[in-house]
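Owing to the predicted nature of the structure, the values given are computational and were not obtained by experimental measurement.
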Amino acid sequence: DYGYNLLQSCEPHSVLFTNGDNDTFPLWFLQEVEGVRKDVRVVNLSLLNTNWYIKQLRDRQPKVDIRYTDSFIDSVLTDTQEVDVMRRYWPKPQTVNAAGLEWELPDLAGYQLLRVQDIMVLKIIDWNQWQRPIHFAITIPASGLLNLGEYLTMHGMVLTLGQTKDRPTDRDRVARLLYEGFRLRGLNDPAIHKDEETLRLLGNYRAIVNSLAGELKEHGDAEELSRLHRWSEAHLPRAWETAYSAALDLQAVGRIDEAAEYMEKAGQAMLERVGRDQHATYENLCSIADVLQGRYGAASRAEPLYRRIALLQPGRPEAPYGLAASLQALGRTEESLEVVEAYVARYGEQARMGEARRLLRQALGQSVAADGPAQP
């Protein structure tokens, strides 16, 4: 399904640069065995450093427009003699031109040489002259993108090369891919095991959702933004990051009730990751609950979070203080005072909790001695 979705993200008769095994071999299987999207020419960057693969791309259908001869490919481009290697000497960033584009190309490999793959991508772009769409898989690291970032636009699982900088995303096209074009079977099925590598790879789906969400948020399309996050929740692997991003997106377009719902889910999911995720800390969990309580006015959602957070480090005052504030906001002032007094009785007086106790007793119409019990 991952390979299928990658192919479906490509425009007809396009060239697709891929990075390694996971974003290449599934595509080849689909094309050669199942006959899916054989119009797309998959070009693997790792293999693009070899002479035999460059010749395959040039000579086999669907052919890539490569104009190097066998002699040049073998004896110069991929040759390891010092005189030929030095033809690729690239000691500092230099301005390059291809198909009407001009940009600065640094030494991406880190050893003052252009790799064969760098030269080939540069030449393929130039020889192509916009005859076929050119895409890069979103799995390609920055070092494989030839510093073309300003000319690349994310569309589904690919970055599409364009003739102008900073082009907007085709929101309708990406939405169609997500809602109608992609296969996403079993991602939320707990019976299907997903190892850490698979989960990392599937995280690319979140990147697509975040990209489209950013576009929708920028244009104030609250309805579509809400639809996108509902779809994401139903189809993609659940994670606290997903719910947290959804909350902030919906907050930005004024959907506070929905934002609170997702923020609570983010907190609950983060609690499940305590001890396994470096971000699942007491401080971050309290921050999530504080947003629910303070910014969203969702005390009923914050209360159960504070209770669970307090159990992680019982001696710390932040979660009990937040719990007391939530209970007071819900009109349960007596319970709020009980929480504060129980904390003070066990862990001692602290300025914040002491002030909370004084204010809560005052709200209940109680008089209080400095450290003594409440008096009616």
**Asked** Do V344 and R357 come within less than 4.5 Å of each other through their side chains, counting heavy atoms only?
**Response** yes
Does Y2 share a hydrophobic cluster with V209, counting links as ILVMFWY side-chain heavy atoms below 4.5 Å and allowing steps through other members? yes
Discussion item. In the structure I gave you, are the side-chain heavy atoms of R183 and Y4 within less than 4.5 Å of one another anywhere?
Written reply: yes
Is a side-chain donor-acceptor pair under 3.5 Å present for Q268 with R308? yes
Self-check item: Backbone N/O of A324 and side chain of S336: donor-acceptor pair under 3.5 Å
Solution: yes
Sidechain N-carboxylate O distance under 4.0 Å for E224, R171: no
Under 3.5 Å donor-acceptor, N188 side chain and A234 backbone
yes
**Prompt:** Hey, are D107 and Q112 close enough side-chain-wise for a donor-acceptor pair under 3.5 Å?
**Reply:** no
Is the backbone of A310 close enough, under 3.5 Å, to the side chain of Q313 for a donor and an acceptor to pair up by distance?
no
Where do R230 and E261 land on the salt bridge (Lys or Arg N to Asp or Glu O under 4.0 Å) test, with the steps shown first?
CA-CA 11 Å; R230 293 293 177 194; E261 176 188 344; 2.9 Å; yes
Open item on the list: Could you go through L30 and F25, starting from their C-alpha distance and side-chain angles, then the distance that decides it, and tell me whether this counts as side chain to side chain contact (heavy atoms under 4.5 Å, CB included)?
Closed with: CA-CA 9 Å; L30 286 163; F25 291 114; over 6 Å; no
d(L105 CG, I119 CD1) to nearest 0.5 Å is 10.0 Å
field: Exercise: do S326 and Q293 side chains pair donor with acceptor under 3.5 Å
entry: yes
dist L145:CG -> N147:CG (nearest 0.5 Å) comes out at 9.0 Å
- Query: Does E334 CD have over 12 foreign heavy atoms under 6.0 Å away?
  - Reply: no
- prompt: Does a sphere of radius 6.0 Å around CD in E82 hold more than 12 heavy atoms from other residues, nucleotides or ligands, not counting ones at 6.0 Å or beyond?
  reply: no
Check your understanding: Ignoring hydrogens and geometry, is there a side-chain-to-backbone donor-acceptor pair from T169 to S211 under 3.5 Å?
Key -> no
Given ring-ring contact (aromatic ring centres under 6.0 Å, His included), test Y68 with W127 step by step and report yes or no. CA-CA 11 Å; Y68 286 146; W127 288 326; 4.9 Å; yes
**Prompt:** Does L146 offer a backbone N or O that forms a donor-acceptor pair with the side chain of W103 under 3.5 Å?
**Reply:** yes
- For N19 and I140, indicate whether the former's side chain and the latter's backbone hold a donor-acceptor pair under 3.5 Å. no
**Prompt:** Under a 4.5 Å cut-off applied to non-hydrogen side-chain atoms, are R167 and L152 in contact?
**Reply:** no
Quick one, N128 and V64 - any side-chain contact, counting heavy atoms below 4.5 Å?
no
Looking at G297, is its backbone amide N or carbonyl O close enough to the side chain of R301 to form a donor-acceptor pair, meaning the two atoms are under 3.5 Å apart? no
Side chain to side chain donor-acceptor pair (under 3.5 Å) test vs D23 passes for just one of T139, N44, N204, namely T139
Is there a path of hydrophobic side-chain contacts, each under 4.5 Å between heavy atoms, that joins Y306 and I288? no
- Task: Answer yes when R361 and E341 have at least one side-chain N-carboxylate O distance shorter than 4.0 Å, and no when they do not.
- Result: yes
Count I, L, V, M, F, W, Y as connected when their side-chain heavy atoms are under 4.5 Å apart, and connections chain through other members. Are F136 and M120 then in the same cluster?
yes
- request: May I have the step-by-step check of salt bridge (Lys or Arg N to Asp or Glu O under 4.0 Å) for K55 and D74, ending in yes or no?
  value: CA-CA 10 Å; K55 296 173 191 175; D74 294 333; 2.8 Å; yes
With heavy-atom distances below 4.5 Å as the criterion, would you say the side chains of Y282 and E318 are in contact?
yes
Value for CD1 (I192) from OG1 (T198), rounded to nearest 0.5 Å, stands at 11.5 Å
Applying side chain to side chain contact (heavy atoms under 4.5 Å, CB included) to R316 and Y347, what does each step give before you reach the verdict?
CA-CA 9 Å; R316 293 189 60 166; Y347 299 106; over 6 Å; no
Using the ring of each side chain (for Trp, its six-membered ring), is Y205 parallel, tilted or perpendicular to F182, with breaks at 30° and 60°?
-> tilted
- Message: With a 6.0 Å cut-off (strictly less than), is the heavy-atom count around CG of D257, excluding the residue itself, greater than 12?
- Response: no
request  = Spell out, as yes or no, whether a donor-acceptor pair under 3.5 Å connects the side chain of D1 to the backbone of R185.
outcome  = yes
Look at atom CZ of R346 and say whether more than 12 heavy atoms of other residues, nucleotides or ligands are closer to it than 6.0 Å. no
Check your understanding: CD of E196: more than 12 outside heavy atoms within 6.0 angstrom?
Key -> no
Do L178 and L228 have side-chain heavy atoms sitting under 4.5 Å apart?
yes
Please indicate whether Y244 has more than 12 foreign heavy atoms, meaning atoms of other residues, nucleotides or ligands, lying under 6.0 Å from its OH. no
- Should I309 and M353 be counted in the same cluster of Ile, Leu, Val, Met, Phe, Trp and Tyr side chains packed under 4.5 Å apart? no
**Message:** Would you say that Q163 contacts W130 through its side chain, given a criterion of any heavy-atom pair below 4.5 Å between the two side chains?
**Reply:** yes
OG1 of T18 to CG of D21, rounded to nearest 0.5 Å, is 9.5 Å
| Between D39 and R37, is there a salt bridge with N-O shorter than 4.0 Å? | yes
Verdict with supporting geometry, D195 and R200, salt bridge (Lys or Arg N to Asp or Glu O under 4.0 Å): CA-CA 9 Å; D195 61 23; R200 184 193 63 77; over 6 Å; no
Which of V43, V158, I134, T24 passes side-chain contact (heavy atoms from CB on, under 4.5 Å) with L16? Answer is V158
When you check the side-chain N and O atoms of H155 and D170, is any donor under 3.5 Å from an acceptor? no
Within a 6.0 Å radius of atom CD on E223, are there more than 12 heavy atoms belonging to other residues, nucleotides or ligands?
no
- Task: Might you work through the salt bridge (Lys or Arg N to Asp or Glu O under 4.0 Å) test for D65 and R67, ending with a clear yes or no?
- Result: CA-CA 6 Å; D65 188 358; R67 303 176 189 179; 2.9 Å; yes
Next on the checklist: Assigning hydrophobic clusters by single linkage (Ile, Leu, Val, Met, Phe, Trp, Tyr; side-chain heavy-atom cutoff under 4.5 Å), is L292 placed with L323?
Outcome noted: no
- Item | Step-by-step side chain to side chain contact (heavy atoms under 4.5 Å, CB included) determination, Q251 to R255 | CA-CA 5 Å; Q251 172 194 325; R255 295 283 188 109; over 6 Å; no
query: Does N284 use its side chain to pair, donor to acceptor, with the backbone of H279 at less than 3.5 Å?
result: yes
Short question: side chain of S9, backbone of M157 - any donor-acceptor pair under 3.5 Å?
-> yes
Interatomic distance, CH2@W231 vs NE2@H235, rounded to 0.5 Å, equals 6.5 Å
For the residue pair E233 and T242, confirm or rule out a side-chain donor-acceptor distance under 3.5 Å.
-> no
ask   = Does a donor on one side chain sit under 3.5 Å from an acceptor on the other, for D290 and S287?
value = no
- Would L312 and L271 count as a side chain to side chain contact (heavy atoms under 4.5 Å, CB included) if you check the C-alpha gap in whole Å, the side-chain angles of each, and the deciding distance to 0.1 Å? CA-CA 10 Å; L312 298 176; L271 276 163; 4.1 Å; yes
Report yes if some heavy atom in the side chain of W240 is under 4.5 Å from a heavy atom in the side chain of D277; otherwise report no.
yes
